[in-house]
Amino acid sequence: MSAIGYLLIVRSRVSGDQLKAITDLIGEKELIARSIGTTSNLSKSYQTKRLSSTATDNLIDLLRVYILAAKVYESFDLAKEWMRSSIPALGGEIPVNMIDSHAGREVVRQALRRMEFGEYV
């Protein structure tokens with residue numbers, strides 16, 4: 001996803017149906033709920049016409065981390081497995097526990113980029 005494409009999605013904001021599709025793809029309801037700033041039942045958010053720009057930004061950035069992991073591992077399933085594993089380069093942290101914030105997503109993204117360029121993590 002290009003930077004312009006990302007910006008356009010954030011500006012148009014994600015619909016409830018799109019949120020549901022992303023949730024089904026990633027399979028991390030609790031993480032997604034935290035990322036979009038809701039503590040209520042995520043299924044209520046599926047009924048939303050459009051998420052806020054901030055919630056959309058967080059959700060799409062989260063998706064971008066998963067897409068990068070899938071690119072590195074050449075498999076979305078392997079990427080999801082990595083996201084749930086303790087990673088030594090992240091101080092033993094589990095990526096999925098880190099990526100509900102911008103700072104956490106950036107740390108995980110940096111680890112994935114190092115892997116992408118041949119450094120083993």
Side-chain angles (χ1 to χ4, degrees):
M1 176 183 309
S2 72
I4 295 297
Y6 176 55
L7 176 62
L8 292 173
I9 291 169
V10 171
R11 283 183 175 167
S12 65
R13 304 180 330 187
V14 167
S15 71
D17 290 338
Q18 292 167 322
L19 171 62
K20 172 81 167 92
I22 292 168
T23 303
D24 290 346
L25 176 68
I26 293 175
E28 296 286 346
K29 289 182 180 182
E30 191 175 306
L31 168 65
I32 289 173
R34 286 192 320 265
S35 296
I36 66 170
T38 186
T39 55
S40 66
N41 188 343
L42 189 58
S43 63
K44 288 182 182 180
S45 297
Y46 300 154
Q47 307 306 314
T48 304
K49 185 172 181 171
R50 296 278 173 199
L51 296 178
S52 70
S53 293
T54 301
T56 296
D57 189 9
N58 288 331
L59 177 65
I60 298 304
D61 196 36
L62 175 77
L63 180 59
R64 291 174 81 194
V65 172
Y66 272 88
I67 290 169
L68 179 57
K71 180 181 173 189
V72 168
Y73 279 96
E74 299 178 349
S75 163
F76 202 78
D77 288 334
L78 290 175
K80 287 169 60 173
E81 185 178 322
W82 182 85
M83 295 292 279
R84 288 226 148 258
S85 301
S86 174
I87 307 300
L90 297 175
E93 291 286 333
I94 298 170
V96 78
N97 294 338
M98 301 175 67
I99 61 174
D100 62 342
S101 69
H102 176 74
R105 287 189 298 272
E106 192 54 37
V107 169
V108 171
R109 198 179 341 262
Q110 288 173 8
L112 285 164
R113 284 189 185 127
R114 286 193 309 270
M115 291 171 63
E116 186 177 26
F117 292 107
E119 294 181 37
Y120 294 103
V121 180

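Nothing here was measured: the structure is a model prediction, and the numbers come from that model.
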Kindly indicate whether the side chain of Val96, heavy atoms from C-beta on, has any atom under 4.5 Å from the side chain of Tyr66.
yes
Treat each ILVMFWY residue as a node, draw an edge where side-chain heavy atoms are under 4.5 Å apart, and state whether Leu25 and Leu78 are in one component.
yes
Expected output: side-chain Asp57 to main-chain Val10 donor-acceptor under 3.5 Å:
no
For the residue pair Val108 and Leu68, establish whether any side-chain heavy-atom pair is separated by less than 4.5 Å.
no
Can you tell me if Glu30 has over 12 outside heavy atoms packed within less than 6.0 Å of its CD?
no
What are the two closest heavy atoms between Ala79 and Ala70, and how far apart are they?
CB-N, 3.4 Å
So Val72 and Trp82, do their side chains get closer than 4.5 Å, heavy atoms only?
no
OG-CD distance between Ser86 and Glu93, expressed to the nearest 0.5 angstrom:
8.0 Å
Quick check against the 3.5 Å criterion: does Arg13 have a side-chain atom that pairs as donor or acceptor with the backbone of Leu51?
yes
From CD1 (Ile60) to CD (Gln18), nearest 0.5 Å:
7.5 Å
What is the distance from atom CZ of Arg64 to atom CZ of Arg109, rounded to the nearest 0.5 Å?
6.0 Å
Are side-chain heavy atoms of Ile22 and Leu62 found at a separation under 4.5 Å?
no
To the closest 0.5 Å, what do you measure between OG (Ser2) and CG (Leu8)?
7.5 Å
Quick one: pull up CD1 in Ile26 and CE in Met83 and give me the separation to the nearest 0.5 Å.
8.0 Å
Say whether, by atom type as modelled, one donor and one acceptor occur between the side chain of Arg105 and the main chain of Ile99 under 3.5 angstrom.
yes
Rounded distance (nearest 0.5 Å) linking atom CD1 of Ile36 with atom OG1 of Thr48
7.5 Å
Nearest heavy-atom pair of Thr56 and Val14: which atoms, and what distance?
OG1-N, 3.0 Å
For residues 19-28, which residue pairs pass the side chain to side chain donor-acceptor pair (under 3.5 Å) check, not counting sequence neighbours?
Lys20-Asp24, Glu28-Arg84
In the single-linkage hydrophobic clustering (I, L, V, M, F, W, Y; side-chain heavy atoms under 4.5 Å), do Ile67 and Leu59 co-cluster?
yes
Backbone N/O of Asp100 and side chain of Arg34: donor-acceptor pair under 3.5 Å
no
Can you confirm whether Leu7 sits close enough to Arg11 that some side-chain heavy atom of one is under 4.5 Å from a side-chain heavy atom of the other?
yes
